[in-house]
Structure formats: C-alpha cells, structure tokens
Amino acid sequence: EAKKLGLEVCSGGIFGLGESVEERIRMAFELKELGVDSVPINILHPIEGTKAYQKIKNGEIKPITISDALKSIAIYKIILPYAEIRLAGGRIYNLRDFQSYALMALDGLMVGNYLTTKGRGLEDDLTMIRDFYNLKTGDFTQKGIAEKFLIKWYKKVKHAEIKEMTTFAYTVKKHEP
C-alpha cells in the first residue's frame, strides 16, 4: 500500500537471533516480494542483562560468525540488487576488523552511536572506505565516492548522486536514466 502512495519502503532485520541461514534467505525473498527500497541490516550485539545475552551465554543461541554475517549480507545484495542495503547496529562488535569486506555488498553504513551501544567515529569509517576503495583524500568527495562505488559494482547505472540520510553516511542512490 505504501508503494501505491508513492512512498519508499524501508524494512530489514537483525541477524544472529538464533535464526538459520534458510530463515535469513527467506526473509530476503519476502522483502523482495514486498518491493522494499531500503534494507537496514543489524547484527545482534548481545548486551548483558538482556534475554538474547543470556541465551547466548547458556548456549541456546549460537553467536553469528564473521563469515556467516558477511555471506548473509552478500546474499541479500544478490537477492535484492536494486534495494539499498545498509549495515547498521552490531557491525563493530560482530565484524571487527572485517567490516570493510561488507562494503562490497553495501550501499550505506550507519555511523555514530547506535540505539543501545557506542559506535565508531565518522572519521574512522571514512578512512575504512578510503582504504578499501584505494581513494586519495582528495578523491573523497560525494561525487568521487559515488563514481568509484558505481563503476565497481553497478556498471549499468549511468547517473548517481549521494543521498545523505540522518545517521547514514554516504549512501549511494542509484538512478535509472
């Protein structure tokens, strides 16, 4: 109904709540069927005192591995190629030094602090993106990032602009000519 009214639809989920890989994939296909425009992906960051933390501590829930998280993010981009895939909460805790690997399938990152946990500084994320795409500081403009990102991952797209969202940094917005 929201699409009929001309609204963009944003819907995502949290990986690492004890779901199977099959359940994650099923959710991606459900989001595709709904025609969502944006998919924020969170990865559970268990906080002491919560039920999820206790279930992980008791072995009821197996924590998601770095490999499974990265594969799931990549699968979402394959299933939802035209949706904006954004990585949000839990990326620092779960992906640690491997956060940049997720950039291959992402259109955006949530930066700063999260709802319940502290994030990284914006400059740290900008440095990670610069290093991953081998950009010089002078190349790190909104247009430069969009062009580098789009040339590498969206060769069919002819026009691009950076769309800044409240807490998302440098989200590439794809435009069909």
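As a basis for the values below, the full set of heavy atoms in this structure was taken, side chains included, without hydrogen atoms, waters or symmetry mates.
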- Item | Shared hydrophobic cluster, L103 / L70 (ILVMFWY, side-chain heavy atoms < 4.5 Å) | yes

- Task: Measure the spacing between CD1 of I47 and NE2 of H45 and express it to the nearest 0.5 Å.
- Result: 6.0 Å

- Is any side-chain heavy atom of I14 closer than 4.5 Å to a side-chain heavy atom of I43? no

- Query: Which atom pair, heavy atoms only, marks the closest approach of A102 to L87?
  - Reply: CB-CD2, 4.0 Å

- Message: Among R26, R24, K62, which residue satisfies the salt bridge (charged side-chain N to carboxylate O under 4.0 Å, His left out) criterion with E19?
- Response: R24

- Taken to the nearest 0.5 Å, the spacing of E30 CD from E33 CD works out to 7.5 Å

- Message: Taking the six-membered ring for Trp, are F15 and Y76 closer than 6.0 Å centroid to centroid?
- Response: yes

- Item | Counterpart residues, side-chain contact (heavy atoms from CB on, under 4.5 Å), relative to L34 (two or more places apart) | V36

- Message: If you apply the rule side chain to side chain contact (heavy atoms under 4.5 Å, CB included), what do you find for L109 with I129, and how did you get there?
- Response: CA-CA 10 Å; L109 293 172; I129 294 167; 4.1 Å; yes

- Should we count CG of D97 as having more than 12 external heavy atoms under 6.0 Å? no

- Item | Nearest heavy-atom neighbours spanning I61 and G16 | CG2-O, 3.9 Å

- Item | Shortest non-hydrogen contact between K77 and D107, atoms and distance | NZ-OD2, 2.7 Å

- Distance (rounded to the nearest 0.5 Å) between I92 CD1 and R120 CZ: 6.0 Å

- Heavy-atom pair of closest approach, residues A105 and A74: CB-CA, 3.8 Å

- Task: Determine whether V9 and I85 fall in the same hydrophobic cluster, where Ile, Leu, Val, Met, Phe, Trp and Tyr are linked whenever their side-chain heavy atoms lie under 4.5 Å apart.
- Result: yes

- Query: Hey, what do you get for SG (C10) to CZ (R86), rounding to the nearest 0.5 Å?
  - Reply: 6.5 Å

- Query: So, the side chain of D37 versus the backbone of A83: is there a donor-acceptor pair under 3.5 Å, distance only?
  - Reply: no

- Message: So, using side-chain hydrogen bond (donor to acceptor under 3.5 Å, both in side chains) as the criterion, who are the partners of E48 when residues are at least two apart?
- Response: none

- Task: Flag yes if L17 and I66 sit in one hydrophobic cluster, no otherwise; membership is Ile, Leu, Val, Met, Phe, Trp, Tyr, and two members link when side-chain heavy atoms are under 4.5 Å apart.
- Result: no

- Message: Measuring from atom CD of Q54 to atom CD of E60, what distance do you get when rounded to the nearest 0.5 angstrom?
- Response: 8.0 Å

- Task: Can you tell me which residue pairs pass the side-chain hydrogen bond (donor to acceptor under 3.5 Å, both in side chains) test with a partner in residues 87-96, sequence neighbours excluded?
- Result: R91-Q99, R91-Y114, R91-D125

- Task: Might you work through the side chain to side chain contact (heavy atoms under 4.5 Å, CB included) test for K57 and K55, ending with a clear yes or no?
- Result: CA-CA 5 Å; K57 188 176 176 183; K55 286 184 176 194; over 6 Å; no

- Item | Where N42 and G89 come nearest, the two heavy atoms and their spacing | OD1-N, 3.0 Å

- Message: Please find the pair of heavy atoms, one from V39 and one from G12, that lie closest to each other, and give the distance.
- Response: CG1-CA, 4.0 Å

- Task: Find out if a path of hydrophobic residues (ILVMFWY) with successive side-chain heavy-atom gaps under 4.5 Å connects I73 to L44.
- Result: no

- Task: Start with the C-alpha gap between D131 and S100, add the side-chain angles, then the distance that decides, and say whether side chain to side chain contact (heavy atoms under 4.5 Å, CB included) holds.
- Result: CA-CA 9 Å; D131 291 348; S100 62; over 6 Å; no

- Task: Give a yes or no on whether V21 and I41 share a hydrophobic cluster (residues Ile, Leu, Val, Met, Phe, Trp, Tyr; joining criterion: side-chain heavy atoms under 4.5 Å apart).
- Result: yes

